[in-house]
Amino acid sequence: MDGEEEDDELERSREGLLGQVQSRVLILTVCAAGIGGTFQYGYNISIINAPTTYIQTFMNETWLERTGAPLENNMILLLWSFIVSVYPLGGLTGALVAGPMAIKLGRKTSLLVNNVFVIIAAILSGFSQMAKSFEMIMLSRFFTGINAGVSMNIQPMYLGESAPKKIRGAVALTSASFTALGLVLGQVFGISELLGGEESWPLLLASNVVPALIQMVTLPWLPESPRYLLIDRGDKESCISALRKLRGSDDLSSEIEEILAEQAAIKGQRAKKPWELFQNPAVRWQLISIIVLSSAMQLCGNDSMYFYAGYVFREAGIPYDKIQYVIIGTGCCELITAVTCNMIIEHAGRKLLILGGYSFMAVWAIVFMVALSQQSQISWMPYLSMVCIFAYILSFGIGPAGVTGILPTEIFDQMSRPAAYMICGSLLWFNLFLTGMAFPFIVMISWNLLLLAFVLGMGGSFQYGLQV
Ligand SMILES: *[C@@H]1O[C@H](CO)[C@@H](O)[C@H](O)[C@H]1NC(C)=O
């Protein structure tokens with residue numbers, strides 16, 4: 001009897017988790033798309049933090065050599081925040097080309113072609129010191145941004161379309177886990193014992209070529225999105241063969257019927273343009289939701305914090321020699337919560353995770369403000385500040401970080417999806433640009449940033465709550 005019960009138990013657990021991801025191919029697809037995709041987004045955000053002072057010195061010296069006069073401190077800070085922010089500008093460009101690219105080339109091919117940008121970027125940054133040109137670093141960051149912009153949009157689309165409906169959310173959400181993994185690894189390689197030393201920063205900046213190469217040798221072996229093949233291309237043969245590989249079974253009839261039904265429903269339509277979505281009253285609420293959420297995601301300052309993590313913890317009063325390890329802790333927090341979010345999203349639901357996440361962030365932002373204002377009076381306050389930053393990141397990671405990116409896949413149909421991603425990607429990057437540019441100046445004026453974040457985070461969650 002016991003044995004039977006155990007068998008039942010086993011059966012059920014297999015159905016619950018593994019059963020849904022029976023196919024190894026789907027897991028491999030998730031990994032191959034992720035490593036050259038949103039992993040790069042996270043990695044390139046966090047590697048720029050470690051070499052801050054070295055690159056600033058490099059700019060100063062280069063300028064001195066060229067003109068005979070050193071750069072002023074404010075000028076250096078401005079140039080630095082430009083180097084940091086040109087990355088989201090590239091991302092914005094990437095987000096704009098991602099939609100047409102995904103339609104013309106297909107999801108998988110776009111991701112593959114996308115690696116060209118990273119390779120160019122790595123060459124530029126790798127040789128910038130040798131060429132005595134900090135402009136090359138800026139250009140390199142721009143190309144890195146394009147890569148991230150493209151993959152941030154296409155990867156969730158590709159994965160969401162490739163996964164079985166039941167676990168579509170969770171599979172698309174792996175994008176956030178790969179972002180967090182990239183953040184952590186970028187931080188780890190950025191410590192001074194590895195690539196974060198005075199001499200090795202060009203190598204650190206160019207190291208993003210490695211994930212690109214990994215994707216280029218793995219992704220070609222995996223199938224294209226079956227929905228794209230059938231709905232956009234009308235290629236039923238390839239769709240069936242892709243599905244067979246992805247599901248690891250031959251019982252595909254119900255799923256193909258469902259895709260055919262969607263194809264029939266949108267027959268005669270072509271992929272929509274972003275402005276057409278704005279003209280369509282039927283999708284207004286969906287549109288407003290993704291607009292609010294993708295703006296709030298960056299305006300809360302979490303991602304730009306990683307650019308300038310060193311500044312933040314210095315302002316929070318953490319001893320200099322401990323900062324680089326504390327920084328790795330922040331990335332780990334986001335990784336842990338991203339993975340947790342992945343596991344609970346199908347049970348907890350999107351709305352709870354978003355609202356809960358933003359509410360907690362607001363609470364921690366208030367505590368942080370209090371802690372910072374007491375910093376000079378009470379000796380253990382810096383540690384409370386640190387706890388607040390961690391808690392802020394944890395709250396961000398559990399909901400807003402991941403859910404924001406997958407909503408367009410879930411609430412728009414095949415014809416509107418690329419346009420929806422274009423809109424939400426542009427907002428996301430534009431806001432990252434704004435916060436990235438302003439961050440170091442705001443940190444200098446100290447804790448007003450968190451007040452700002454609090455207001456915006458709160459506003460974002462409120463508006464979302466009102467709509468849905
Ligand atoms: C820039 O270089 C000048 C001259 O070497 C130096 O006095 C100044 O402190 C440097 N500024 C920074 C921010 O490193």
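Note that the numbering runs from 1 along the sequence shown for the chain. Order of listing sets the numbers, starting from 1, for every ligand and every atom in it.
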Checklist entry - What atoms of ligand 1 come closer than 4.0 angstrom to any heavy atom of Asn60? => result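 Those atoms are 1 (C), 2 (O), 3 (C), 8 (C), 10 (C), 11 (N), 12 (C), 14 (O).
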
Checklist entry - So, do Leu183 and Tyr41 sit near enough that their side-chain heavy atoms are less than 4.5 Å apart? => result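 No, too far: nothing below the 4.5 Å cut-off.
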
Checklist entry - Of the listed options (Leu64, Asn73, Leu71), which comes nearest to atom 13 (C) of ligand 1 when hydrogens are ignored and any heavy atom counts? => result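 Among Leu64, Asn73, Leu71, the closest heavy atom to atom 13 (C) of ligand 1 comes from Asn73.
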
Item to check | atom 7 (O) of ligand 1 touched by protein (heavy atom, under 4.0 Å) | outcome: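 So far as the 4.0 Å threshold goes, atom 7 (O) of ligand 1 is out of reach of every protein heavy atom.
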
Checklist entry - With a 6.0 Å cut-off on ring centres, are Phe58 and Trp201 close enough? => result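 Ring centres of Trp201 and Phe58 closer than 6.0 Å.
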
Item to check | Shortest protein contact, atom 4 (C) of ligand 1 (heavy atom only) | outcome: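 Here the nearest protein heavy atom works out to Pro70 CB, 3.8 Å.
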
Next on the checklist: With a 3.5 Å distance limit and no angle check, can you tell me whether Thr330 reaches the backbone of Ile327 through a side-chain donor-acceptor pair?
Outcome noted: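 Side chain of Thr330 to backbone of Ile327: a pair is present.
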
Checklist entry - Taking Arg168 for the side chain and Gly160 for the main chain, is one N or O donor matched with an acceptor at less than 3.5 Å? => result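 Confirmed, Arg168 side chain pairs with Gly160 backbone.
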
Checklist entry - Touching ligand 1 at all, Ile76? Heavy atoms, strictly under 4.0 Å? => result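 Yes, Ile76 has a heavy atom closer than 4.0 Å to ligand 1.
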
Item to check | Lys/Arg N to Asp/Glu carboxylate O, Arg417 vs Glu161, below 4.0 Å | outcome: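 Result for this pair is yes, salt bridge flagged.
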
